[in-house]
Structure formats: C-alpha cells, structure tokens
Amino acid sequence: MEIKNRRVFLKVVTAGMISFFIFIWNKLTLQHIETSGSSEATLPLNKNKEVQFFDRFIVVNTNDNTRVFSSHCSHLGCKIDKVANGKLVCPCHGSEYDLSGNVIKGPAYKNLTEVNSTLTNDGKSIIVKG
C-alpha cells in the first residue's frame, strides 16, 4: 500500500510544480507586455477601415468613435491580428473579443486593455499613450 501512496504523492507534487511554473510564466509574460510599451506613438488613422492592426495596438472605428486596444490577448499575450465575422480573434488559442474589447469566447477571461489615445487636430492620426 505504501507504493501506491508514494505514486499518488509524486503525481500531486509534479502537477503542483507544473501548475506553479505555468502561473509564474503567465504573470511574467503579461507583466513584460504591460511594461514594454510605456511610450507614446503616432499611428496613421484610416477612417474607412473599421479595424486596423499595428504592432502593439488595435484601432477600432465604430460610429465615429475611435478606440485603441492592446493587441496582446489577455490569455497568454499572443498578438491578435485577425478579424472574423466582426470579432477580434486570437490566433493561438481561439479567444474572441467583440469590437468593444469584451471577451466573447475563452480561454481568455479578461477583456482587452484599452489604451489612452487622442486624435490629432487634422483627424488623420491618433496619438497613443501606452
């Protein structure tokens, strides 16, 4: 009976260590993404496109309302680079967001991070602070 208990113990310890390392990796990756983009950028704005993808940002134009989101998925930080059926889709694990940045389908459970932005006076560019 002692061998069975030892095997169960080793399985539980191994699963716990793997879970711990995944948790730490996730926290470090998302923290790096949040701190790596702390500068100001000027992006060209095409009002004829509903969604524009840039390196670190997604610009969404809907009904004369322009919003900027981080292009990194809130699940594991993969870069979102696709729109399908009016939804922003993460290529890594299939998380989906509506055009307001809200989670529609997991595994992500947090909404996209909205980034502070302002339009330039001529309306041809957007200044992103983040």
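Computed from heavy atoms alone, side chains included, the values below leave out hydrogens, waters and symmetry copies.
When all heavy atoms of Leu45 and Gln52 are compared, the pair lying nearest together is CD1-OE1, 3.6 Å. Residue Ala108 comes nearest to Ser74 through the heavy atom pair CB-OG, 3.6 Å, listed as atom of the first residue, atom of the second, then distance. Minimum interatomic distance between Gly77 and His72 (heavy atoms only, all atoms of both residues): O-ND1, 3.1 Å. Taking all atoms of both residues into account, the shortest heavy-atom contact from Asn46 to Asn61 is O-ND2, 3.4 Å.
Between the side chain of Ser71 and the main chain of Asp55, a donor-acceptor pair closer than 3.5 Å is present. Remark: side-chain polar atoms of Ser70 are not paired, donor with acceptor, to backbone N or O of Thr113 under 3.5 angstrom.
Separation of atoms OG1 (Thr118) and CD1 (Ile126) is listed at 7.0 Å; rounding is to 0.5 Å. Here the CD atom belonging to Glu114 is positioned 12.5 Å from the CZ atom belonging to Phe57, to the nearest 0.5 angstrom.
Residues Val128 and Leu119 are members of one and the same hydrophobic cluster, defined by side-chain heavy-atom contacts under 4.5 angstrom among Ile, Leu, Val, Met, Phe, Trp and Tyr. Both Met17 and Phe9 are assigned to one and the same hydrophobic cluster, defined by single-linkage of ILVMFWY side chains at heavy-atom distances under 4.5 Å.
A search for salt bridge (charged side-chain N to carboxylate O under 4.0 Å, His left out) contacts involving Glu50 returns nothing, not counting sequence neighbours. Listed by chain and residue number, Glu96 satisfy the salt bridge (charged side-chain N to carboxylate O under 4.0 Å, His left out) test with Lys87 (two or more places apart in sequence, or in another chain). In terms of the salt bridge (charged side-chain N to carboxylate O under 4.0 Å, His left out) criterion, Asp122 has no residue partners (sequence neighbours excluded).
Residue Ile80 belongs to a hydrophobic cluster whose other members are Val51, Phe53, Ile58, Val60, Phe69, Val83, Leu88, Tyr97, Leu99, Val103, Leu112, with links defined by side-chain heavy atoms closer than 4.5 Å. Grouping Ile, Leu, Val, Met, Phe, Trp and Tyr by side-chain contacts under 4.5 Å, direct or through others, puts Ile22 with Ile18.
For residues 86-124, the pairs satisfying disulfide (SG to SG under 2.5 Å) are Cys78-Cys92, with sequence neighbours left out.
Annotation for Asn121: atom CG does not count as buried by contact number, only 12 or fewer foreign heavy atoms lying within 6.0 Å.
Residues Thr66 and Ser117 fail the side-chain proximity criterion, which asks for heavy atoms closer than 4.5 Å.
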